[in-house]
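In listed order, ligands and their atoms are each counted from 1.
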Amino acid sequence: MILVTGGAGYIGTHTCVELLNAGYAVTVFDNFCNSNPESLKRVERITGKKLQWIRGDCRNRDELIAALKQSGASAVIHFAGLKAVGESVEHPLWYYDNNVIGTLRLLEAMQECGVRILVFSSSATVYGDPHRLPLAEDHPLSPTSPYGRSKLMIEEILRDVQHSDQSFQMGILRYFNPVGAHPSGLIGEDPQGIPNNLMPFVAQVAVGRREALNVWGNDYPTPDGTGVRDYIHVVDLALGHLKALEALQAAQRAQTSPFSGCLTVNLGTGRGYSVLDVVNAYEQACGRPIPYQVAPRRPGDIACFYADPQQAKTLIGWQANLDLNAMCASSWHWQSTNPNGYHT
Ligand code: NAD
Ligand code: UFG
């Protein structure tokens, strides 16, 4: 049994599908502050399997202990957290409270219940401004927002806890830019309000919910002047969690610590695409033009950012397989069949 915190969210639902398909039993623990139980019904529809879900908050240790005991979980995948960079600048305490305190309480509950495997959603944002590209795991860590710093603080906590108790098997997964949706079109990203991120915004322009995309700057030192990112299909990302989980379970069975501390891997493709590359690929996928205008740079944005994905291949046997066209096609399938997300 795997306990999935934040399992009703965007990446969590896709990971639950892959876990259920691989034969794991799943309990989701979520307070639904940024999701909807409907997403879990869709997971059950896709897989034809049942999952348990518990409404609870990661900052509440007793609720976590009850969930671990009730489910009999042997491992936790920890997605629960807040993720909006701009909001974290305005309300840093929300981020330190939800993300950092939520993870502390989870670790305490795991210690109490003897659960010793944790897979954690970190972010490539922990690297900050790149000194060199591609970004490998040994790049210095220097996040530039409270959100990024909350992720780095959690990473440090996990390293300290694992160092103090070698029976803990911990995976730190640094995601690049997750996009796309399950090919069924039943689950996908469902942002509340105006999307901050590129692909969900483009998707809402394509479906007619928004008039035009603002391209935040075309004067970066990149081939077409727009920002370059390493977009990764959410299904590939979900499969990365299974690979990490299997590696940690194998280490636990062998009673070894093969990763000299926490298993730490980038989950990215190793390929960068510009904003205009994404717009072009999306136009192909949806068969209609995506109107856009060039606007000033977004404060804090980085010109170019992509992963060195080699370590994930070496340590957990994972690599991304799905390309930008598959990312856009699946996003469009989800968006066009659910124009208002789970409220459709
Ligand atoms: P999401 O908002 O769709 O999912 C997060 C889920 O956690 C939601 O269902 C929300 O209701 C739940 N949640 C939040 N706080 C909680 C709490 N205190 N207790 C219980 N549940 C809580 O986000 P996502 O895109 O699926 O991201 C999942 C994780 O991956 C997050 O930790 C995020 O920081 C990280 N991440 C996301 C991205 C991205 O671009 N999507 C990139 C890098 C890292
Ligand atoms: N962009 C636009 N217009 C938009 C939205 C984005 O031009 O409306 C551009 C941005 O300027 C950037 C690119 O599209 O060049 C990607 O922007 P996103 O907001 O989609 O993604 P970011 O790389 O800025 O940030 C994302 C997540 C962070 C995470 C980071 C690294 O939002 O949480 O990836 O993983 F930390």
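By heavy-atom distance, the residue among Tyr231, Phe176, Trp216 lying nearest atom 13 (C) of ligand 2 is Tyr231. Comparing Leu198, Asn177, Val279 by heavy-atom distance to atom 34 (O) of ligand 2, the nearest is Asn177.
Between Glu112 and Arg61 no salt bridge is recorded (no basic side-chain N to carboxylate O distance below 4.0 Å). Under 4.0 Å is where a charged nitrogen must lie from a carboxylate oxygen, and between Asp97 and Arg59 at least one such pair does. We find that Glu44 and Lys50 are joined by a salt bridge, their nearest charged nitrogen and carboxylate oxygen being less than 4.0 Å apart. Remark: Glu155 does not engage Lys151 in a salt bridge, criterion side-chain N to carboxylate O under 4.0 Å.
Between Ser39 and ligand 1 there is no heavy-atom distance shorter than 4.0 Å. Note on ligand 1: Gly7 sits outside its first shell, no heavy atom being nearer than 4.0 Å. Within the 4.0 Å heavy-atom cutoff, Gly102 does not count among the residues contacting ligand 1. Within the 4.0 Å heavy-atom cutoff, Thr5 does not count among the residues contacting ligand 1. Assignment of Arg174 to the shell around ligand 1 is not supported, since no heavy atom sits closer than 4.0 Å.
Below 4.0 Å from some heavy atom of Phe32 lie the following atoms of ligand 1, by number and element: 11 (O). The atoms of ligand 1 that sit less than 4.0 Å from any heavy atom of Gly9 are 3 (O), 4 (O), 9 (O), 26 (O). Those atoms of ligand 2 that come under 4.0 Å of a heavy atom in Tyr147, given as number and element, are 33 (O), 36 (F). Each of the atoms 31 (C), 36 (F) of ligand 2 lies under 4.0 Å from some heavy atom of Thr125. Below 4.0 Å from some heavy atom of Ser123 lie the following atoms of ligand 2, by number and element: 29 (C), 31 (C), 35 (O), 36 (F). Interface atoms of ligand 2 facing Asn214, defined by a heavy-atom separation under 4.0 Å, are 2 (C), 3 (N), 4 (C), 7 (O), 8 (O). Heavy-atom contacts of Ser35 reach the following atoms of ligand 1: 8 (C), 9 (O), 11 (O) (cutoff under 4.0 Å). Interface of Tyr147 with ligand 1, defined as ligand atoms under 4.0 Å from a residue heavy atom, comprises 33 (C), 34 (O), 35 (C), 36 (N), 43 (C), 44 (C). Within ligand 1, the atoms closer than 4.0 Å to a non-hydrogen atom of Ser123 are 43 (C), 44 (C), numbered from 1 in the order shown. Less than 4.0 angstrom separates some heavy atom of Val215 from each of these atoms of ligand 2: 7 (O). Taking every heavy atom of Leu213 and a limit of under 4.0 angstrom, the matching atoms of ligand 2 come to 3 (N), 4 (C), 8 (O). Atoms of ligand 2 lying under 4.0 Å from any heavy atom of Tyr175, numbered from 1 in the order shown and given with element: 35 (O). Short contacts between ligand 1 and Gly56, defined as distances under 4.0 Å to a heavy atom of the residue, involve ligand atoms 19 (N), 20 (C). Listed by number with element, the atoms of ligand 1 under 4.0 Å from a non-hydrogen atom of Cys33 are 10 (C), 11 (O), 13 (N), 14 (C), 15 (N). Within the listing of ligand 2, atoms 5 (C), 19 (O) sit less than 4.0 angstrom from a heavy atom of Asn196.
Scanning all heavy atoms of the two residues, the minimum distance from Gln166 to His163 falls at NE2-O, 3.1 Å.
Between Ser122 and ligand 1, no pair of N/O atoms sits closer than 3.5 Å. Checked by distance only, ligand 1 and Ile11 come closer than 3.5 Å through their nitrogen or oxygen atoms. Polar contact with ligand 1: absent for Tyr175 (N/O pair, distance under 3.5 Å).
Under 4.0 Å from ligand 1, not a single heavy atom of Glu189 appears. Heavy atoms of Asn98 found under 4.0 angstrom from ligand 1 belong exclusively to the side chain.
Of the possible polar contacts, one joining the Thr226 side chain to the Val275 backbone as a donor-acceptor pair under 3.5 Å is found. At distances below 3.5 Å, not a single donor-acceptor pair connects side-chain atoms of Asp57 with backbone N or O atoms of Asn31.
Looking only at protein heavy atoms, the nearest one to atom 19 (N) of ligand 1 is Cys58 N, 3.0 Å. When hydrogens are left out, the protein atom nearest atom 24 (P) of ligand 1 is Lys83 NZ, 3.7 Å; that is the closest non-hydrogen contact. Among protein heavy atoms, the minimum distance from atom 17 (C) of ligand 1 is reached at Asn31 ND2, 3.3 Å.
Contacts of Glu63 classified as salt bridge (charged side-chain N to carboxylate O under 4.0 Å, His left out), with partners at least two apart in sequence or in another chain: none. Contacts of Lys313 classified as salt bridge (charged side-chain N to carboxylate O under 4.0 Å, His left out), with partners at least two apart in sequence or in another chain: none.
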